[in-house]
Amino acid sequence: MSRKLYLDNAATTRVGKEVIDEMSKYFDEFYGNPSSQLYELGRRSKEAIERARRTVADFINANEKEIYFTASGTESDNWAIKGVAFANLNKGKNHIITTKIEHQAVIHTCEYLEKFGIETTYLDVDKYGLIDLEQLKEAIKAETMLISIMFANNEIGTIQPIEEIGKIARDNKILFHVDGVQALGSVKIDVEKQNIDLLSMSAHKIGGPKGIGGLYIRRGTRIDNLVHGGAQERGKRAGTEGVQNIVGFGKAVEIVKENFDSNIERITTLRDRLIEGIKNNIPDVVLNGHPTKRLANNVNFSYKYIEGESILLLLDMEGISASSGSACTSGSLDPSHVLLATGMDHGTAHGSIRFTISEETTEEDIDYTVETIKRIVDKLRAMSPIKNDEDLKKS
Amino acid sequence: MYTAEVMDHFRNPRNVGNMENADGVGQVGNPKCGDIMKIYLKIKDEIIEDVKFETFGCGSAIASSSMATELIKGKSIHEAVTMTNKAVIEALGGLPPVKVHCSVLAEQAVKSALYDYAQKSNKVIKGLENYKPEDDEVHCH
């Protein structure tokens, strides 16, 4: 294999040396339990946590007292939704509004809450993956306690009008939770300007370690704990803190903050080069997601008449790592719920491939990817019994 | 995830392509489930002289089709009809449990092509008496 090209940065990212160096001290040098405040070693750990907390808070224009560390973006989503739901149980508030394209961490949590008599409305999206603000307004009831909408979609990269949604939530005195896991580091997040009450974050999507997430909780928000136990995280999230992971999260944010604008601009240019390259060189492709309101690093196309897992296997043989919305790669029977929600037919949805680039991606990488995916698509189409839309309809 | 044999048949599929004036053609599966297989047969004196396949599907679907065509090529139609999905799995050195349906589809594609041949040539193939081409209802496995 001549080349290794990692284009699955929405799945996870490489942890940089600077981050690892910063973290490594907290394994064998400053290994004290942050709850052990009576000796220096414990205080060092506590200080490191608080430094990271300030960095994360600054990054989203929050106060450090509003940031809580969790074990993952998924835990943050669970905490935000269950925590608000349980705090409102038996108070006549039993309705949540979310969308059909949320991450499983949100959708499966809302499904679980049905057991407790909590109803959820799942908003539709248009062919670009955008919600309709009018439908949102109509879905609001007297019983609605929470609106939970992702900032940007992990599969198709579509960015929602978060500020407008936040305003609608605020005007109706409903809490607004945003799953910001994919958006953090790629879009400017400002919890004040965007009227966000709860924001889920994850470190490993932005060059930090796996196993560490964060939840921003606006001061004064009524929310139950999810994890009960000791007094860590100001009594709101029990369990000894993963100090080295928290430190890694903080460092990753620090690095993303430097040159944020110029980095995003550069990645966006590369993204558009990849989009144009694929559109101009391969017939019968559909760009999934919005052409401009999309994450700087996300390129997701459906290649008609072929299936995504086959494409991924052949890409892997050429050294390229990517991901697919095909059912064959998910272990479920249906292709991506996100693509189906945009109105795409099953056959076309099975042929979707997502490339997510990083600041390490070069122009040469992009051109290699275009050339490689074209070769693979040609090969698989030559093998397929489906040659056009009519064949697709007939079968 | 896949055996070396599966990867070999996926990477270098045997008998891939279509066939003009085929004596029997069978297509099974549907785009909703994410796999479609089409098998073409050239039959002379009840012997499968040539076979081709076209497949829309995942790696194991392509490998299963390729292996199935290898298993029936040169065989009599009466032998070919007894080819089971288990034989395909065995020849591939195994398939992950979630991919077993690909081998089932390969068996069905062969049967469907043989059925088409039997219909066109007014022949009876033992083992196909009760065979019905797929109904329209979609069942993903």
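Residue numbers begin at 1 in each chain, while the letters A, B, ... track the order of the sequences.
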* Can you say whether B/Pro96 sits under 4.5 Å from chain A via the side chain, the backbone, both, or neither, judging by heavy atoms? -> neither
* **Residue among A/Ser310, A/Pro385, A/Gly347 with most heavy-atom pairs under 4.5 Å to chain B** => A/Pro385
* Portion of B/Ile36 that has a non-hydrogen atom of chain A nearer than 4.5 angstrom -> both
* Asked: In Å and rounded to the nearest 0.5 Å, what is the OG1 to CD1 distance from A/Thr158 to A/Ile101?
  -> 6.0 Å
* Cation over ring, A/Arg3 on A/Tyr368, under 6.0 Å and within 45°? -> yes
* Structure fact -> If one checks every heavy atom of A/Leu392 against chain B at 4.5 Å, the contacting part turns out to be both
* Donor-acceptor under 3.5 Å (B/Ser76 side chain, B/His78 main chain) -> yes
* Can you tell which part of A/Lys387 gets under 4.5 Å to a heavy atom of chain B, answering side chain, backbone, both or neither? => side chain
* To do: Answer with side chain, backbone, both or neither: which region of B/Ser65 has an atom nearer than 4.5 Å to a non-hydrogen atom of chain A?
  => neither
* Classify the angle between the aromatic ring planes of A/His350 and B/Phe56 as parallel (below 30°), tilted (30 to 60°) or perpendicular (above 60°). => perpendicular
* Spatial distance of atom NZ (B/Lys42) from atom CD1 (B/Ile48) [nearest 0.5 Å] -> 13.0 Å
